[in-house]
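Report on the structure given below.
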Amino acid sequence: MVKIEEAVIVNALVRQALVAGQEVMGENGLHAVLRSSGLERFVGNLPPDDLQPGIKTTEYARLNQAIEEFYGRGGRGMLRRIGKASFQYAVREQAALLGIAGVALKVLPARQRIKFILNSLIGALKKSNPQVEAWVDETGARLAYCEATCAICLGRHSPEPICHLYVGSIGEAVRWATDQEYEITETHCIAKGDPYCRFEVGEVKG
Ligand SMILES: [Zn+2]
């Protein structure tokens, strides 16, 4: 079990989230939430694209909370959009880390494509931090991404699932792999007392 105060997120992933945050919230929006979450050291100063420790996981969770609070009722949608932009950034800039460079998925059935990309996300996280505990749940009719070390809700409490940024990233990852939009539902969340966060890939939208 990882002690909450010791867990860290590497620079490459912090950079990914901040670039995505700036795309979605604009520079002023990003700076405002960085200041309100005690991360003003990143104002106008993005971390490098490397695997050195960037911030504490609890700081990352606080940044997510700050975005939710800053945008009120729009916070959830904002976080989903940032998650989506984070995955797009990873495809653009970190394809090697993600293990998707040169991969051809077109011949595979949808379930296998989804499994591939969920495992790619897990692989990238584990490469950047060996303490990560994440897996693909294949036991049901629907595939799900699970993580017991979720960086978004670590140390937070809520009656509802709150890992909206993750929902956005996983939705965009599945769209990338299948060329279709799937409904992603966070069925379990550490913030509401579950042992892990679980994101289920549901029906195709539309
Ligand atoms: Zn979570």
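The analysis underlying the following values was restricted to heavy atoms, covering all of them including side chains, and did not include hydrogens, waters or symmetry mates. None of the values given here were measured: they were computed from a predicted structure.
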Please list, one pair per line, the donor and acceptor atoms closer than 3.5 Å that link side chains of residues 81-89 to other protein atoms, with sequence neighbours excluded.
from  : atom 1 : to     : atom 2 : distance (Å)
Ser86 : OG     : Ile82  : O      : 2.9
Gln88 : NE2    : Glu172 : OE2    : 3.1
Tyr89 : OH     : Arg15  : NE     : 3.2

Give the C-alpha distance, both sets of side-chain angles, the deciding distance and a yes or no for side chain to side chain contact (heavy atoms under 4.5 Å, CB included) between Cys189 and Cys163. CA-CA 8 Å; Cys189 183; Cys163 307; 3.8 Å; yes

Scan the side chains in residues 24-36 for donor-acceptor partners under 3.5 Å anywhere in the protein, sequence neighbours excluded, and list what turns up.
from  : atom 1 : to    : atom 2 : distance (Å)
Ser36 : OG     : Ala32 : O      : 3.4
Ser36 : OG     : Val33 : O      : 3.4

Looking at every non-hydrogen atom in both residues, tell me the closest pair between Ala95 and Val91 and how far apart they are. CB-O, 3.7 Å

Would you indicate whether the side-chain heavy atoms of Leu125 and Leu13 approach each other to under 4.5 Å? yes

Looking at Ala110 and Tyr182, what are the two nearest heavy atoms and their distance? CB-OH, 3.7 Å

When you look at Lys127 and Leu97, which way does the side chain to side chain contact (heavy atoms under 4.5 Å, CB included) test go after all the steps? CA-CA 8 Å; Lys127 256 186 256 173; Leu97 179 66; 4.1 Å; yes

Shortest non-hydrogen contact from Val10 to Ser128? CG1-O, 2.9 Å

Could you identify which residues cluster with Ile162, counting Ile, Leu, Val, Met, Phe, Trp and Tyr as linked when any side-chain heavy atoms lie under 4.5 Å apart, either directly or through a chain of such contacts? none

Report the C-alpha distance between Thr178 and Ile114 in whole Å, list the side-chain angles of each, state the deciding distance to 0.1 Å, and finish with yes or no for side chain to side chain contact (heavy atoms under 4.5 Å, CB included). CA-CA 7 Å; Thr178 63; Ile114 295 168; 3.6 Å; yes

How long is the straight-line distance from CD1 of Ile152 back to OG of Ser169, given to the nearest 0.5 Å? 7.0 Å

Under 3.5 Å, side chain of Arg80 to main-chain N/O of His164, donor-acceptor pair present? no

Between Tyr196 and Trp135, is the ring-ring contact (aromatic ring centres under 6.0 Å, His included) condition met? List the steps. CA-CA 10 Å; Tyr196 49 82; Trp135 64 95; 5.2 Å; yes

Could you tell me the separation between the CD1 atom of Ile67 and the CZ atom of Arg62, rounded to the nearest 0.5 Å? 13.0 Å

Just grab all the side-chain hydrogen bond (donor to acceptor under 3.5 Å, both in side chains) pairs involving residues 46-55, residues at least two apart or on different chains. Asn11-Asp50, Asp49-Gln94

Quick check: do Val167 and Leu165 have side-chain heavy atoms less than 4.5 Å from each other? no

Between Glu68 and Arg156, does any side-chain N to carboxylate O distance fall below 4.0 Å? yes

Salt bridge Arg175-Glu181, side-chain N to carboxylate O under 4.0 Å: no

Any Thr185 side-chain heavy atom under 4.5 Å of Phe199 side chain: no

Show every side-chain hydrogen bond (donor to acceptor under 3.5 Å, both in side chains) that has at least one partner inside residues 99-112, sequence neighbours left out. Lys106-Asp179

Spacing of CG belonging to Leu154 relative to OH belonging to Tyr60, to within rounding of 0.5 Å: 12.0 Å

Run the side-chain hydrogen bond (donor to acceptor under 3.5 Å, both in side chains) check on Arg198 and Thr187 step by step: do they pass? CA-CA 6 Å; Arg198 180 176 179 278; Thr187 60; 3.0 Å; yes

Report yes if the side chains of Gln22 and Leu18 come closer than 4.5 Å at any heavy-atom pair, otherwise no. no

Please assess Glu59 against Arg41 for the test salt bridge (Lys or Arg N to Asp or Glu O under 4.0 Å), listing each intermediate value before the final yes or no. CA-CA 12 Å; Glu59 291 180 305; Arg41 65 183 184 275; 3.3 Å; yes

To the nearest 0.5 Å, atom CG of Asn45 lies from atom CG of Leu39 at 12.0 Å

Should we say atom CZ of Arg92 is surrounded by more than 12 heavy atoms from elsewhere, each under 6.0 Å from it? yes

4.5 Å side-chain heavy-atom contact, Ile100 and Ile117: yes

Spatial distance of atom OG1 (Thr58) from atom CD (Gln65) [nearest 0.5 Å]: 11.5 Å

Do Val8 and Ile55 come close enough that some side-chain heavy atom pair is under 4.5 Å? no

Lys/Arg N to Asp/Glu carboxylate O, Glu203 vs Lys205, below 4.0 Å: no

Who clusters with Ile190? Use side-chain heavy atoms, under 4.5 angstrom, across I, L, V, M, F, W and Y, and order the result by chain and number. none

I'd like to know if the side chain of Arg142 and the backbone of Glu200 have a donor-acceptor N/O pair within less than 3.5 Å. no

A side-chain contact here means heavy atoms from C-beta on lying under 4.5 Å apart; do Pro161 and Cys197 qualify? no

So Glu147 and Tyr166, side chain to side chain contact (heavy atoms under 4.5 Å, CB included) or not? Walk me through it. CA-CA 11 Å; Glu147 185 172 355; Tyr166 236 146; 2.3 Å; yes

In this structure, CG of Leu51 is separated from CG of Asn129 (nearest 0.5 Å) by 10.0 Å

Using every non-hydrogen atom in the two residues, find where Ala134 and Ile122 come nearest and quote the distance to one decimal. O-CG2, 3.7 Å

Other residues, nucleotides and ligands only: do more than 12 of their heavy atoms fall within 6.0 Å of NZ on Lys115? no

Shortest non-hydrogen pair, Gly54 vs Phe42, comes out as O-CZ, 4.4 Å

